[in-house]
Amino acid sequence: MNVVIFGAPGSGKGTQSEKLIEKYGLHHISTGEVLRDHIARKTPIGQIAKTYINQGQLIPDSLMIRILEEIIDNEPKAKEGVILDGFPRTIPQAEALNRFMARRGDEIHHVIGLEVPEEELVDRMIKRGQQTGRADDNLETIKNRLQVYHESTTSLRDFYISEGKYRQINGHGSVDEIFESIAEAIGDSSEK
Ligand code: AMP
């Protein structure tokens, strides 16, 4: 099973991914984590990524798609089922993902859409910034990230609704309650 976990920044994608990995044994691919790792290792990709991330902007599609393609093609565990967290964020990324999956005779089965009210997103990210020191969890960058999400990423919801893959989840509640809704949505639609 291949799953995309989708939602605004701060919607709980990382937290719910961990629970999905535990229950379904999926391989986690978080493009945000991959980029933060490049920044920490001071690689050429990291140098480029840093400027965009610190401004709350998206890394250009051409670069992001190349990074993802390399992970999908070279990670043996990716063949056993993946959870994509933070990718795709644009329609060209979603189209590229469909091509990469089709190339190996596979597909994305579910897109889990975590829907959370905006004020709660801001509160959660501010708290996370205080707890983890994550550089882009400050109010100014958070505002940019939310704007970018509305401009470039929300259209993916319709893209995946039209593919019949979008599972809308109420992302407001306890971690366990939200996870229960996800498991139900995946289970129900898998049984159809
Ligand atoms: P995340 O950890 O998913 O919230 O990502 C943190 C930051 O990394 C984002 O604000 C973007 O600057 C960058 N990023 C992560 N994934 C992508 C992607 N699929 N496309 C473009 N930029 C991305």
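First listed ligand is number 1; within each ligand, the first listed atom is number 1. Quick note: residue numbers are just sequence positions, from 1.
For a threshold of 3.5 Å applied to N or O pairs, the pair formed by Ser30 and ligand 1 contains no separation below that value. Residue Gly56 has no N or O atom closer than 3.5 Å to an N or O atom of ligand 1.
Look at Arg124 and Glu120 and you find a salt bridge, because one of the NZ, NE, NH1 or NH2 atoms lies within 4.0 Å of a carboxylate O, short of that distance. A salt bridge is defined here as a Lys NZ or Arg NE, NH1 or NH2 lying under 4.0 Å from an Asp or Glu carboxylate O, and Asp176 with Lys19 meets this definition.
Judged by distance alone, with hydrogens and angles left aside, the side-chain atoms of Gln16 form a donor-acceptor pair with the main-chain N or O of Val175 at under 3.5 Å. Under a 3.5 Å cut-off, the side chain of Glu107 and the backbone N or O of His109 do not form any donor-acceptor pair. Between the side chain of Asp106 and the backbone N or O of Met101 there is no donor-acceptor pair closer than 3.5 Å. Between the side chain of His27 and the backbone N or O of Val82 there is no donor-acceptor pair closer than 3.5 Å.
Of the options Lys13, Arg89, Arg145, Glu33, the smallest heavy-atom separation from atom 1 (P) of ligand 1 is shown by Arg89. Selection from Ile53, Leu63, Thr141 by nearest heavy atom to atom 7 (C) of ligand 1 gives Ile53.
Listed by number with element, the atoms of ligand 1 under 4.0 Å from a non-hydrogen atom of Thr31 are 15 (C), 16 (N), 17 (C), 19 (N). Those atoms of ligand 1 with a heavy atom of Arg134 less than 4.0 angstrom away are 1 (P), 2 (O), 4 (O), 6 (C).
Among all non-hydrogen protein atoms, the one lying nearest atom 22 (N) of ligand 1 is Ile59 N, 3.1 Å. Summary of contacts: the protein heavy atom closest to atom 20 (N) of ligand 1 is Gln93 NE2, 2.9 Å. Here the protein heavy atom with the shortest distance to atom 14 (N) of ligand 1 is Leu35 CD1, 3.5 Å. Annotation: atom 11 (C) of ligand 1 to nearest protein heavy atom, Gln57 O, 3.6 Å.
Clustering ILVMFWY residues whenever any of their side-chain heavy atoms sit less than 4.5 angstrom apart, transitively, puts Phe87 in the very cluster that holds Tyr166.
No heavy atom of Lys50 sits closer than 4.0 Å to any atom of ligand 1. For the ligand labelled ligand 1, residue Arg36 lies inside the 4.0 Å heavy-atom shell.
Counting non-hydrogen atoms of neighbouring residues, nucleotides and ligands closer than 6.0 angstrom, the NE2 atom of His150 exceeds 12 such neighbours.
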